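The chains referred to below are lettered A, B, ... by the order of the sequence lines, with proteins before strands, and numbering in each begins at 1. A quick note: this is a predicted structure, and the numbers were derived from the prediction, not measured.
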2 protein chains.
Amino acid sequence: MLIRIDPSSADPLFEQVGQQVRALVARGDLPVGTRLPSARDLAASLDVNLHTVLRAYQDLRDDGVIELRRGRGAVVAHAPDHAPLHRAIAAVVAAARELDVPPATTLALLKEALR
Amino acid sequence: MLIRIDPSSADPLFEQVGQQVRALVARGDLPVGTRLPSARDLAASLDVNLHTVLRAYQDLRDDGVIELRRGRGAVVAHAPDHAPLHRAIAAVVAAARELDVPPATTLALLKEALR
DNA sequence: CTACTTGTTATCCATCAACTAGAACAACTT
DNA sequence: AAGTTGTTCTAGTTGATGGATAACAAGTAG
């Protein structure tokens with residue numbers, strides 16, 4: 001599991017964990033059915049509290065990214081082919097760079113467009 | 001000024017204000033040179049503290065979106081033609097909807113791609 | 001069945017960012 | 001000269017974040 005956490009980041013820890021897993025799943029690095037490390041294990045290896053990882057996992061479950069079951073752990077649930085999405089995102093990044101649009105503005109635009 | 005705030009949102013107030021202004025400027029609704037309402041006025045009309053608006057304005061200034069001058073207020077600074085960026089973003093939203101990817105995942109992907 | 005693993009839930013606490021409040025000040029406009 | 005507006009400062013409140021601990025429920029593995 002290639003999850004890294006930056007304790008000094010502005011983003012909350014549980015959100016960082018969630019974002020990393022989302023990216024891994026969307027990228028196809030974690031096929032459907034893959035078992036994620038147990039919340040306790042991941043918490044220990046990231047040197048973070050159990051509840052922090054658990055909150056990330058529960059957010060992911062609420063979005064249908066993973067399934068959670070006691071005794072079995074967290075399993076990747078949904079993972080279609082995201083290639084078109086990645087191409088579209090790459091195009092956005094290129095356009096933003098080209099136009100010298102700050103990242104915060106690009107994110108604000110996408111955020112609004114997604115509502 | 002069409003700025004609306006949702007006090008119950010998870011996003012901080014100052015960030016919401018900033019995002020709305022970013023979107024307005026990028027959309028071309030606020031041409032270069034347009035005066036934004038003074039921080040005091042906007043704070044009053046949003047029923048928010050002066051410092052909250054000021055923090056949003058200063059973030060925008062740091063990104064070159066607006067200029068701030070005492071006595072004159074906030075003025076839209078930079079506003080190239082963002083049409084290509086908007087098209088790219090629309091494509092991302094379409095792809096995400098098509099693939100049934102949750103908004104949080106789409107944002108996580110863009111966030112990572114922008115680094 | 002038994003032991004173990006793992007998510008779930010609950011309580012309590014510490015810290016920090018966000019927000020508010022009030023005030024004085026500096027630069028600019030009119 | 002008067003008014004406007006951003007800048008800076010101090011101080012307090014609130015809520016989210018994160019940690020520590022513990023008991024519990026549902027599944028797995030033997």
Examine D:dT7: is either OP1 or OP2 under 4.0 Å from a nitrogen or oxygen in the side chain of B:Q58? Give yes or no.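 For B:Q58, the contact criterion (side-chain N or O under 4.0 Å from OP1 or OP2 of D:dT7) is met.
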
Apart from B:L54 itself, what residues make up its hydrophobic cluster, given side-chain heavy atom links below 4.5 Å?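 Its cluster mates, by chain and number, are B:L50.
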
Going from [atom1] on [X] to [atom2] on [Y], what distance comes out if it is rounded to the nearest 0.5 angstrom?
X: A:L24; Y: A:I3; atom1: CG; atom2: CD1; answer: 6.0 Å
X: B:L68; Y: B:L36; atom1: CG; atom2: CG; answer: 8.5 Å
X: B:D47; Y: B:L42; atom1: CG; atom2: CG; answer: 11.5 Å

Give each protein N/O atom lying under 3.5 Å from an N/O atom of nucleotides 27-29 of chain D, with the pair distance.
| from | atom 1 | to | atom 2 | distance (Å) |
| --- | --- | --- | --- | --- |
| D:dG27 | O4' | A:R70 | O | 3.3 |

What is the separation between atom [atom1] on [X] and atom [atom2] on [N], rounded to the nearest whole Å?
X: A:L42; N: D:dG19; atom1: CG; atom2: C1'; answer: 16 Å
X: B:E67; N: C:dC28; atom1: CD; atom2: P; answer: 13 Å
X: B:L54; N: C:dC25; atom1: CG; atom2: P; answer: 18 Å
X: A:D59; N: D:dT17; atom1: CG; atom2: P; answer: 10 Å
X: A:D6; N: D:dT17; atom1: CG; atom2: P; answer: 17 Å

Taking every non-hydrogen atom, the tightest pair across [X] and [Y]:
X: B:V93; Y: A:A113; answer: CG2-CB, 3.7 Å
X: B:I89; Y: A:V92; answer: N-CG2, 3.7 Å
X: A:A23; Y: B:E112; answer: CB-OE2, 3.7 Å
X: A:H82; Y: A:V25; answer: ND1-O, 4.3 Å
X: B:I66; Y: B:A74; answer: CD1-CB, 4.1 Å

Enumerate donor-acceptor pairs with a distance under 3.5 Å from any side-chain N or O in residues 11-21 of chain B to protein atoms, sequence neighbours excluded.
| from | atom 1 | to | atom 2 | distance (Å) |
| --- | --- | --- | --- | --- |
| B:D11 | OD2 | A:K111 | NZ | 3.3 |
| B:Q16 | OE1 | B:D6 | N | 2.9 |
| B:Q16 | NE2 | B:D6 | O | 3.1 |
| B:Q16 | NE2 | B:D11 | O | 2.9 |
| B:Q20 | OE1 | B:R4 | N | 3.4 |
| B:Q20 | NE2 | B:R4 | O | 2.8 |

Can you pull the salt bridge (Lys or Arg N to Asp or Glu O under 4.0 Å) pairs that have at least one residue in residues 60-78 of chain B, sequence neighbours excluded?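 Output for this query lists B:R22-B:D63, B:E67-B:R69.
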
Would you work out how much the helix from C:dC1-D:dG30 to C:dT30-D:dA1 bends between its ends, with each end axis defined by five base pairs, to 10 degrees?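 Inter-axis angle at the termini of the helix from C:dC1-D:dG30 to C:dT30-D:dA1: 50°.
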
What nucleic acid atoms does A:A10 come within less than 4.0 Å of, heavy atoms only: base, sugar-phosphate, or nothing?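 Here A:A10 touches no strand at all.
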
Could you write nucleotides 19-24 of chain C as a row of B, S and -, 5' to 3', where a protein heavy atom under 4.0 Å of any base atom gives B, of only sugar-phosphate atoms gives S, and otherwise -? SBBB--

